[in-house]
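Here's the structure, in structure tokens; my notes come after.
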Amino acid sequence: MTWYVSNPATLRKVTLGPASDDSGRFEAPAHTTSALALRGLVYVAAFVVMMAFLLIMGYVLANGLPALTPDLFAWEYTSANVSLMPALVNTLLMAFLSLLLAVPIGVGAAIYLVEYAKRGSRFVALVRMTAETLQGIPSIIYGLFGLLFFVSMLHWGLSLLSGACTLAIMVLPIVMRTSEEALLAVPDSYRQGSFGLGAGRLRTVLRCVLPSALPGITGGVILSLGRCVGEVAALIFTAGSIAAIPDFAGQGIFALFDSARTLAVHMYVLASEGFHIQEAYATALVLLVLVALLNAGASALTKRLRKDN
Amino acid sequence: MSFGGTLREGVAHVVLAATAAVSIAAVALICVFLFANGIPGIAQIGLPDFLFGMTWRPGNDIYGIFPMIVGSVYVTAGAIVVGVPAGILCAIFLSRFASGRIASLMTPCIELLAGISSVVFGFFGLVVIVPLIRAMHPGSGLSLLAAALILGFMILPTIITVARNSLDAVPASYYEGSLALGATHERSVFRVLVPAAASGIIAGIVLGVCRAIGETMAVVMVAGNQVLIPSSIFDGVRTMTANIVLEMGYAAGLHREALIATGVVLFVFVLVLTLVVNTIKKRGEAR
């Protein structure tokens with residue numbers, strides 16, 4: 001059936017018929033040149049973005065895989081064998097320490113905002129505004145702050161601890177925002193049920209709300225982990241670039257004050273020195289794989305969250 | 001409720017409020033430390049000489065960061081030219097053109113792109129894009145163009161995610177109404193949905209700008225870092241972020257203060273941008 005629909009701009013032909021895709025929704029067919037051009041533009045853009053993505057992935061894979069030798073995973077870093085193992089361990093240590101600081105604070109803040117605070121209080125508005133500000137601050141500014149505060153003012157030096165504290169502040173808004181979203185997604189009936197059974201607010205939060213928000217919160221934690229793994233600018237002036245694992249066995253807790261080069265910093269040093277390009281490719285590949293694993297974990301959790309609700 | 005219960009509730013309330021106050025304390029500390037360490041340097045150099053000085057020569061105690069402010073603005077503008085059209089069109093594709101399967105295939109790729117470390121992007125730029133530019137145009141290839149290409153690529157995930165979310169949030173009735181009036185799918189998307197999602201799309205762009213102007217490692221690796229206002233896109237350029245990261249390692253005295261002051265100027269840029277994002281978001285919510 002063909003109808004002629006008048007339109008202020010043009011008189012155009014619109015064919016009504018069964019929808020072209022099987023989703024069952026009506027779709028007007030595209031048959032004006034401008035519509036075709038727009039459609040083409042959208043497809044080209046999506047294609048270009050995907051090609052660029054595949055190019056960078058393919059390039060890192062193709063060059064990184066052959067460069068990935070067992071020597072790179074030796075425990076000791078030497079100038080002859082620029083092993084990435086110490087940096088890999090340091091990355092895990094650094095990420096663990098910063099999350100140890102950021103997660104309790106971020107989740108606590110989210111619980112306060114969602115479960116305790118009065119709506120529209122000035123304190124809440126200020127917390128939200130500062131969290132948004134923190135999220136926009138570039139990592140080099142965090143690095144400068146860490147240098148001025150933790151390294152110089154507190155005399156912690158270029159150390160694992162200075163770096164971890166700097167990263168903790170950097171990922172705090174991510175943990176806060178994702179935890180807040182996860183808590184908001186918990187149905188109110190859970191809280192009402194718990195209150196109805198005589199539980200107080202704290203008990204309700206700890207026993208009812210928090211467990212059901214856990215997958216969402218974990219997703220946020222994984223996101224922050226990814227940010228810690230890839231960070232350079234915030235660490236280069238706070239954690240330094242000594243390519244050795246802090247000696248926890250020998251120095252105990254004081255090893256926290258040792259400088260520690262993470263994987264991303266390692267990669268930056270290798271690439272900017274320019275002597276070890278093969279090793280840099282391999283490090284890039286390891287970084288990519290880490291991020292991909294973290295993302296896969298996060299999206300598996302979100303899927304589970306959706307299924308549960 | 002027992003006395004112990006109320007006490008515990010009270011303690012929990014105070015502790016949780018304290019954790020919420022941490023972000024306020026963090027912003028306050030960052031502001032205090034940056035400004036306290038940067039302002040004396042600016043005062044000694046003189047604000048006009050610092051902001052508009054064309055020469056950066058730490059050896060002679062001459063600190064003018066104008067070329068770097070221009071550098072940051074140029075690089076960011078370049079990133080917008082490269083990243084914004086592709087980003088918005090890709091968001092439109094994912095939201096309104098892609099089949100469910102293609103969208104669910106592309107989304108993890110975009111997320112992975114968002115998670116890739118900036119050194120990996122910088123390294124890719126250094127070993128792929130810089131040699132390409134060198135082949136096209138005489139010179140080292142380390143240039144404004146290389147930085148803009150890499151940064152444009154890096155801000156894609158931010159723009160795509162934010163723009164797509166706001167496109168997805170437009171009520172279905174808008175689209176259906178437009179179709180019922182005889183518009184094609186394309187016309188409905190571009191003339192009805194995109195304007196309806198405009199505040200979100202613009203917020204995504206400004207967030208991308210925020211990321212571009214603050215990006216450090218990728219830019220340092222590909223931009224050449226000469227302290228000169230570039231006269232073409234093939235010239236090298238130094239951004240404010242690059243200035244800090246290149247010289248902070250060995251700077252002392254007034255030089256160090258001038259670098260912290262560079263950070264202060266960058267910080268003010270970012271604060272203004274954050275303010276803009278929040279205003280746009282509020283306006284979008286109000287509508």
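Residue numbering restarts at 1 for every chain, and letters A, B, ... go by the order of the sequence lines. Heavy-atom basis, side chains included; hydrogens, waters and symmetry copies ignored. Model, not experiment: these values are computed from the prediction.
- Contact annotation for Y142(A): only side-chain heavy atoms (C-beta onward) come within less than 4.5 Å of a heavy atom of chain B.
- Heavy-atom distances place the side chain of F190(B), and not its backbone, under 4.5 Å from chain A.
- Scanning all heavy atoms of the two residues, the minimum distance from V127(A) to S23(B) falls at O-OG, 3.7 Å.
- Ranked by heavy-atom pairs under 4.5 Å with chain A, the list I116(B), L156(B), V15(B), L29(B) is led by L29(B).
- Interface check for chain B: of the options G143(A), A110(A), A264(A), the most heavy-atom pairs under 4.5 Å are formed by A264(A).
- Under a cut-off of 6.0 angstrom, the local environment of CZ in F195(A) is crowded, with over 12 non-hydrogen atoms contributed by other residues, nucleotides or ligands.
- Options L126(A), I111(A), L41(A) differ in how many heavy-atom pairs under 4.5 Å they form with chain B, and the most are formed by L126(A).
- At a 4.5 Å heavy-atom cutoff, the contact between I236(A) and chain B is made by side-chain atoms alone.
- The parts of V291(A) that come within reach of chain B are both its backbone and its side chain, each placing non-hydrogen atoms under 4.5 angstrom from that chain.
- Neither the backbone nor the side chain of S241(A) comes within less than 4.5 Å of any heavy atom of chain B.
- Side-chain N or O atoms of E186(B) include none that pairs as donor or acceptor with a backbone N or O of S34(A) at under 3.5 Å.
- Across V27(B), L259(B), V22(B), the residue that shares the most heavy-atom pairs under 4.5 angstrom with chain A is V27(B).
- Atoms CZ and CG, on F33(B) and L147(A) in that order, are 11.5 Å from each other to the nearest 0.5 Å.
- A donor-acceptor pair is defined here as one N or O able to donate and one able to accept, closer than 3.5 Å; no such pair exists between the side chain of N295(A) and the backbone of G115(B).
- The neighbour count for R177(A) CZ, taken as heavy atoms of other residues, nucleotides or ligands under 6.0 Å away, is above 12.
- Proximity of a side-chain donor or acceptor of E132(A) to a complementary backbone N or O of T274(B) within less than 3.5 Å is not detected.
- The residue among P85(B), S118(B), C90(B) with the most heavy atom pairs within less than 4.5 Å of chain A is C90(B).
- Taking OG1 of T241(B) as the start and CG of L144(A) as the end, the distance is 11.0 Å to the nearest 0.5 Å.
- Heavy-atom distances place both the backbone and the side chain of T133(A) under 4.5 Å from chain B.
- Ranked by heavy-atom pairs shorter than 4.5 Å toward chain B, the options G136(A), A233(A), A271(A) are led by A233(A).
- At a threshold of 4.5 Å between non-hydrogen side-chain atoms, the residues I56(A) and F121(B) count as touching.
- Minimum interatomic distance between F237(A) and G249(B) (heavy atoms only, all atoms of both residues): CE2-N, 3.7 Å.
- Residues F53(A) and I110(B) have side chains not in contact (no heavy-atom distance under 4.5 Å, counting atoms from C-beta outward).
- Between P138(A) and V270(B) the shortest side-chain heavy-atom distance falls below 4.5 Å.
- The CD1 atom of I260(B) sits 4.5 Å away from atom CG of L148(A), with the distance rounded to the nearest 0.5 Å.
- Of the atoms belonging to L202(A), heavy atoms from both backbone and side chain fall under 4.5 Å from chain B.
- With a threshold of 4.5 angstrom between heavy atoms, F97(B) approaches chain A through its backbone and through its side chain.
- Taken from CZ in F149(A) to CG in L34(B), the straight-line distance is 12.5 Å, to the nearest 0.5 Å.
- Heavy-atom distances place the side chain of V220(B), and not its backbone, under 4.5 Å from chain A.
- A pairwise comparison of heavy atoms in R256(B) and S152(A) identifies NH2-OG, 3.7 Å as the closest pair.
- F93(B) places none of its side-chain heavy atoms less than 4.5 Å from the side chain of V49(A).
- Closest approach of F123(A) to A17(B), counting heavy atoms only: CZ-O, 3.6 Å.
- For V128(B), the part sitting under 4.5 Å from any heavy atom of chain A is the side chain, from C-beta outward, and nothing else.
- With a 4.5 angstrom heavy-atom cutoff, I30(B) touches chain A via backbone and side-chain atoms both.
- Pairing each heavy atom of A45(A) with each of A86(B), the nearest pair is CB-O, 4.0 Å.
- Here the side chains of F123(B) and L270(A) are not in contact, with every heavy-atom distance at 4.5 Å or above.
- Interface residue C109(B): backbone and side-chain heavy atoms are both found under 4.5 Å from chain A.
- Looking at L275(B), there are no atoms closer than 4.5 Å to chain A (heavy atoms on both sides), in backbone or side chain.
- Looking at A21(B), both its backbone and its side chain come within 4.5 Å of chain A, counting heavy atoms on both sides.
- Looking at heavy atoms from C-beta onward, V120(B) lies out of side-chain contact with Y268(A) at the 4.5 angstrom threshold.
- Between chain B and the residues I137(A), V48(A), L263(A), V265(A), the largest count of heavy-atom pairs under 4.5 Å involves I137(A).
- Contact annotation for I277(A): both backbone and side-chain heavy atoms come within less than 4.5 Å of a heavy atom of chain B.
- The closest side-chain heavy-atom distance from M57(A) to L112(B) is below 4.5 Å.
- Between the NE2 atom of H185(B) and the CZ atom of R39(A) there is a distance of 5.5 Å, given to the nearest 0.5 Å.
- Of the atoms belonging to V245(B), heavy atoms from both backbone and side chain fall under 4.5 Å from chain A.
- In terms of heavy-atom pairs under 4.5 angstrom with chain B, the leader among L288(A), L38(A), L113(A) is L38(A).
- At a 4.5 Å heavy-atom cutoff, I213(B) makes no contact with chain A through either its backbone or its side chain.
- Residues I140(A) and G214(B) share a closest heavy-atom pair of CG2-O, 4.2 Å.
- Both the backbone and the side chain of M248(B) come within less than 4.5 Å of a heavy atom in chain A.
- Within the 4.5 Å cutoff, no side-chain heavy atoms of T19(B) are placed close to those of P104(A).
- The OG atom of S139(A) sits 6.5 Å away from the CD atom of E215(B) when rounded to the nearest 0.5 Å.
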